[in-house]
Amino acid sequence: GAVVSQHPSWVICKSGTSVKIECRSLDFQATTMFWYRQFPKQSLMLMATSNEGSKATYEQGVEKDKFLINHASLTLSTLTVTSAHPEDSSFYICSALRAEHHNEQFFGPGTRLTVL
Amino acid sequence: QKEVEQNSGPLSVPEGAIASLNCTYSDRVSQSFFWYRQYSGKSPELIMSIYSNGDKEDGRFTAQLNKASQYVSLLIRDSQPSDSATYLCAVNRVRNQGGKLIFGQGTELSVKP
């Protein structure tokens, strides 16, 4: 399968600070990437669709001004959690879409965010 | 009715047995179907994809798709304790733009030594 990386793998920050998470597709170009969030023992929740060169599309209930997404190249998308609060603590996972192969999605290893 | 439905389990099978995981979907025009495995605390890993009716085999895994019945399944032969994980069924609807996946709630599989 294809390789998608995320950085950092975990981060601890103080309430009110901003955190940037990077998602890279290492062996294919991805015009579309997705950002998910998962709380313990719960299902994946899609937050937004990241499109290279255009604005992200956010799911209902996800604050676009709080979760800033930038997809500046065909291999990199970033998610910035602005003014993080303890309730933003979660497991953030990105995926990259391989459109030329039946729209298979490959997930990164995830970033565990803890906001103190 | 949920768009993609799975039994949440847990499904418990003895080591060496066949584990059978099932998934139904509601949108008849769905075209691509995927099985992901997710270990506790880890991200999902794509293990099988299937696009046409019938069976698709890859090692110990077999995916089965029946579009008329709107049913997709995953068989794991010679189950091992390392197969213990949550298995997610995902569907790509053709009407969706950009390949967004609709996930089932996942089936927890436990393989007992």
Side-chain angles (χ1 to χ4, degrees), chain A residues 1-7 9-10 21 23 25 28 30-60 69 71 77 90-112, chain B residues 2-10 23 25 27 29-53 56 58-59 61 63 65 67 72 85-108 110:
Chain A
V3 181
V4 177
S5 70
Q6 264 185 260
H7 178 80
S9 55
W10 59 270
I21 303 169
C23 177
S25 59
F28 69 99
T31 56
T32 303
M33 293 183 175
F34 300 90
W35 287 96
Y36 296 82
R37 181 167 58 179
Q38 188 173 37
F39 294 105
K41 302 291 186 183
Q42 294 189 21
S43 302
L44 285 170
M45 187 195 84
L46 179 65
M47 300 175 66
T49 302
S50 170
N51 300 295
E52 188 267 337
S54 65
K55 290 183 179 180
T57 304
Y58 292 82
E59 295 300 302
Q60 191 172 10
I69 291 172
H71 194 148
S77 175
S90 188
F91 190 39
Y92 291 85
I93 314 171
C94 72
S95 71
L97 183 74
R98 198 161 68 174
E100 70 278 10
H101 208 261
H102 296 280
N103 281 345
E104 286 180 338
Q105 268 190 49
F106 295 92
F107 285 85
T111 297
R112 197 161 300 281
Chain B
K2 292 181 182 176
E3 292 189 64
V4 180
E5 292 209 55
Q6 298 178 251
N7 291 326
S8 60
C23 174
Y25 59 94
D27 193 333
V29 297
S30 299
Q31 290 199 335
S32 304
F33 307 86
F34 307 95
W35 284 98
Y36 288 85
R37 176 175 62 197
Q38 187 175 23
Y39 292 112
S40 181
K42 303 294 186 182
S43 67
E45 174 192 7
L46 179 63
I47 54 172
M48 289 290 285
S49 52
I50 188 165
Y51 315 109
S52 54
N53 280 327
K56 179 181 177 182
D58 184 1
F61 299 101
L65 174 62
K67 289 188 177 182
V72 58
T86 296
Y87 289 80
L88 303 170
C89 172
V91 173
N92 178 215
R93 295 181 299 173
V94 69
R95 292 199 198 101
N96 261 332
Q97 295 179 358
K100 189 162 65 172
L101 290 176
I102 310 300
F103 283 92
Q105 68 270 39
T107 297
E108 184 182 346
S110 177

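In the text below, chain A, chain B and the rest are named by the order of the sequence lines, each starting its count at 1. Keep in mind it's a predicted model, so treat the numbers as computed, not measured. Only heavy atoms go into these numbers, but all of them, side chains included; no hydrogens, no water, no symmetry mates.
Between A:S50 and A:F34, the closest side-chain pair of non-hydrogen atoms is not below 4.5 Å. With contacts defined as side-chain heavy-atom distances shorter than 4.5 Å, the pair A:T49/A:T32 qualifies.
Most heavy-atom pairs under 4.5 Å with chain B: of the set A:E104, A:K41, A:Q38, this distinction falls to A:E104.
Contacts between B:I47 and chain A at a heavy-atom distance below 4.5 Å are absent for every atom of the residue. Proximity to chain B is absent for every atom of A:Q6, based on heavy atoms less than 4.5 angstrom apart. Of the two parts of B:Q38, only the side chain, counted from C-beta on, holds a non-hydrogen atom closer than 4.5 Å to a non-hydrogen atom of chain A.
In this structure, B:F103 and A:Y36 have perpendicular ring planes: the angle between them is above 60°, well past the 30° mark.
Taking the charged nitrogens against the carboxylate oxygens, A:R37 and A:E59 have no contact shorter than 4.0 Å, which rules out a salt bridge.
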